[in-house]
Novice: 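The structure's right below; bear with me while I get my questions together.
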Number of protein chains: 2
Amino acid sequence: MFSKACEYGIKASIFIAIKSYDGKRVSPKEISKEIDSPQAFTAKILQALVKNEVVNSIKGAYGGFEIEINKIKTIKLAQIVNAIDGDNIYNGCGLGLHKCDENHPCPVHDKFKSVREGLKDMLENTSLEELALNIKSGTSYLKI
Amino acid sequence: MFSKACEYGIKASIFIAIKSYDGKRVSPKEISKEIDSPQAFTAKILQALVKNEVVNSIKGAYGGFEIEINKIKTIKLAQIVNAIDGDNIYNGCGLGLHKCDENHPCPVHDKFKSVREGLKDMLENTSLEELALNIKSGTSYLKI
DNA sequence: TATAAATAGGATAAAATTATCCGAAATAAA
DNA sequence: TTTATTTCGGATAATTTTATCCTATTTATA
Ligand code: FES
Ligand code: FES
């Protein structure tokens, strides 16, 4: 469904959010250990998330990645997915036509419509906050 | 969403179905022209579809690919997707955990559930027949 | 100011996916 | 039986995605 990069990006964002609630910054090393991802690759993805203003980076000693606490509830999954995979997954044509066009639909267009809208809706309405809180409370997991 | 291979496989199957209604067999050349895909790569995908009994191949002169007419309505999108991409897209974990497990859910598990079930449902209940008929009647398109 | 710790970012490398090429095998028709 | 046509299947290449490595830059603290 999503690229590996996107999966790592989502999980990393969640972990950074959790640590941010505790006022702590985290390193790519700590993140990749916690979400079970390749460290250097994860660091690259973090750069993309910084560029797209999902997470904040502080360089130098005692630096790391963090998210402002009051921003966590405003960040939606869609923003993370968009930063890494773009919007093709829920806006592009399911069969790879150059664009999804109501007036020139592919064979699966109507069938796909609701599925893709459901996906889009879910991504746009799911906040980092709720995902992070479920991890904190132990009702969901970041690895294995 | 789907791999290129899968997109080609779905479109190829639809085109073969249409031609089969007219009692005609088609070659990878004709197929790739009609669905705008690389010919040799499409031929490989057709082999997978043959192996998975989605389409039938007749070797030698006057051969080609076809689908038994009364079988067209029984073939579901899920069978094609499965033959090429496997079932990970609607059975695997959305964040790449080793398996999607209700008792060990990832952060997006609950949110994803309905989306993935919608996708699975759609794939399992959409027949090649309906997709082919819409192309025949000119209400949907295989390329551009 | 010097040092240590951390992110940024460029250069590669490995792996997976997508794509091409060509000869072998099968088969219908001449 | 020969020929032309067509799928099959192995080898290879190109591209994209995933992953690693190393150096530069930044920055808090001693
Ligand atoms: S045209 Fe293919 S999904 Fe809309
Ligand atoms: S565990 Fe991730 S989707 Fe179910």
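Chain naming here is simple, since letters A, B, ... match the order of the sequence lines and numbering starts at 1 in each.
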Novice: Identify, residue by residue, the members of residues 12-41 of chain A with a heavy atom below 4.0 Å from DNA chain C, and return them in order of residue number, or none.
Specialist: A:Val26, A:Ser27, A:Pro28
Novice: Is the shortest side-chain N/O distance from B:Tyr8 to OP1 or OP2 of C:dT18 below 4.0 Å?
Specialist: no
Novice: Please report, rounded to the nearest Å, how far the P atom of C:dT7 is from the CD atom of A:Glu66.
Specialist: 11 Å
Novice: Nearest-Å distance, CG (A:Leu49) to P (C:dA8)?
Specialist: 11 Å
Novice: Which part of the nucleic acid, if any, lies within contact of A:Leu46, taking any heavy atom under 4.0 Å across all strands shown: a base, the sugar-phosphate backbone alone, or nothing?
Specialist: nothing
Novice: Nearest whole angstrom, please: distance from the P of D:dT27 to the CZ of A:Phe65.
Specialist: 14 Å
Novice: If you restrict it to nitrogen or oxygen atoms, what contacts under 3.5 Å exist between nucleotides 9-13 of chain D and the protein, and what is each distance?
Specialist:
| from | atom 1 | to | atom 2 | distance (Å) |
| --- | --- | --- | --- | --- |
| D:dG9 | N7 | B:Gln47 | NE2 | 3.0 |
| D:dG10 | N7 | B:Lys44 | NZ | 3.1 |
| D:dG10 | O6 | B:Lys44 | NZ | 2.3 |

Novice: With A:Glu66 as reference, evaluate A:Lys19, A:Lys24, A:Arg25 under the salt bridge (charged side-chain N to carboxylate O under 4.0 Å, His left out) test and give the passing residue.
Specialist: A:Arg25
Novice: Which residue pairs pass the salt bridge (Lys or Arg N to Asp or Glu O under 4.0 Å) test when at least one of the two sits in residues 86-113 of chain A, sequence neighbours left out?
Specialist: A:Glu102-A:Lys113, A:Lys111-B:Glu130
Novice: Look at the side chain of B:Ser20 and the backbone N and O of B:Gly23, then say whether any donor-acceptor pair between them is shorter than 3.5 Å.
Specialist: no
Novice: If we ignore hydrogens and angles and just use 3.5 Å, is the side chain of B:Thr126 paired with the main-chain N or O of B:Leu123 as donor and acceptor?
Specialist: no
Novice: Select from B:Gly64 and A:Ala5 the residue whose nearest nucleotide in DNA chain D is closer to the 5' end of that strand.
Specialist: B:Gly64
Novice: Calculate the interatomic distance between B:Asn56 atom CG and D:dT6 atom P; express it in whole Å.
Specialist: 17 Å
Novice: Determine, using ring centers only, whether B:Tyr90 and B:Phe112 are less than 6.0 Å apart.
Specialist: no
Novice: Considering residues at least two apart in sequence or located in another chain, which fulfil the side chain to side chain contact (heavy atoms under 4.5 Å, CB included) criterion with A:Ser32?
Specialist: A:Ser37, A:Gln39, A:Thr42
Novice: I'd like a table of donor-acceptor pairs (distance under 3.5 Å, sequence neighbours excluded) in which one partner is a side-chain atom from residues 51-65 of chain B, with atom names and distances.
Specialist:
| from | atom 1 | to | atom 2 | distance (Å) |
| --- | --- | --- | --- | --- |
| B:Asn52 | ND2 | B:Ala48 | O | 3.0 |

Novice: Enumerate the protein-to-nucleotides 2-5 of chain D contacts in which both atoms are nitrogen or oxygen and the separation is below 3.5 Å.
Specialist:
| from | atom 1 | to | atom 2 | distance (Å) |
| --- | --- | --- | --- | --- |
| D:dT5 | O2 | B:Ala61 | N | 3.0 |

Novice: If a pair satisfies ring-ring contact (aromatic ring centres under 6.0 Å, His included) and one of its residues is in residues 10-55 of chain B, list it, with sequence neighbours excluded.
Specialist: B:Tyr8-B:Phe41
Novice: Kindly point out which of C:dT18, C:dA8, D:dT7 is positioned nearest to the side chain of A:Val50?
Specialist: C:dA8
Novice: Which whole-number value in Å describes the distance from A:Ile84 CD1 to D:dT18 C1'?
Specialist: 13 Å
Novice: List for me each residue that meets side chain to side chain contact (heavy atoms under 4.5 Å, CB included) alongside A:Thr139, sequence neighbours excluded, and say none if there are none.
Specialist: A:Asn134, A:Ser137
Novice: Listed by chain and number, what are the side chain to side chain contact (heavy atoms under 4.5 Å, CB included) partners of B:Cys93, not counting sequence neighbours?
Specialist: B:Leu95, B:Leu97, B:Cys100, B:Cys106
Novice: Under the rule for side chain to side chain contact (heavy atoms under 4.5 Å, CB included), what residues qualify as partners of B:Ala17, not counting sequence neighbours?
Specialist: B:Ile67, B:Ile72, B:Leu128, B:Ala132
Novice: Just by distance, do the side chain of B:His104 and the backbone of A:Lys143 share a donor-acceptor pair under 3.5 Å?
Specialist: yes
Novice: Hey, is B:Asp85 close enough to B:Lys4 for a salt bridge, meaning N to O under 4.0 Å?
Specialist: no
Novice: How many whole angstroms separate atom CG of A:Asp85 from atom P of D:dT16?
Specialist: 16 Å
Novice: What is the distance, to the nearest angstrom, from the NZ atom on A:Lys4 to the P atom on D:dT20?
Specialist: 13 Å
Novice: According to salt bridge (Lys or Arg N to Asp or Glu O under 4.0 Å), who are the partners of B:Lys44, at least two apart in sequence or on a separate chain?
Specialist: none
Novice: Would you work out how much the helix from C:dT1-D:dA30 to C:dA30-D:dT1 bends between its ends, with each end axis defined by five base pairs, to 10 degrees?
Specialist: 0°
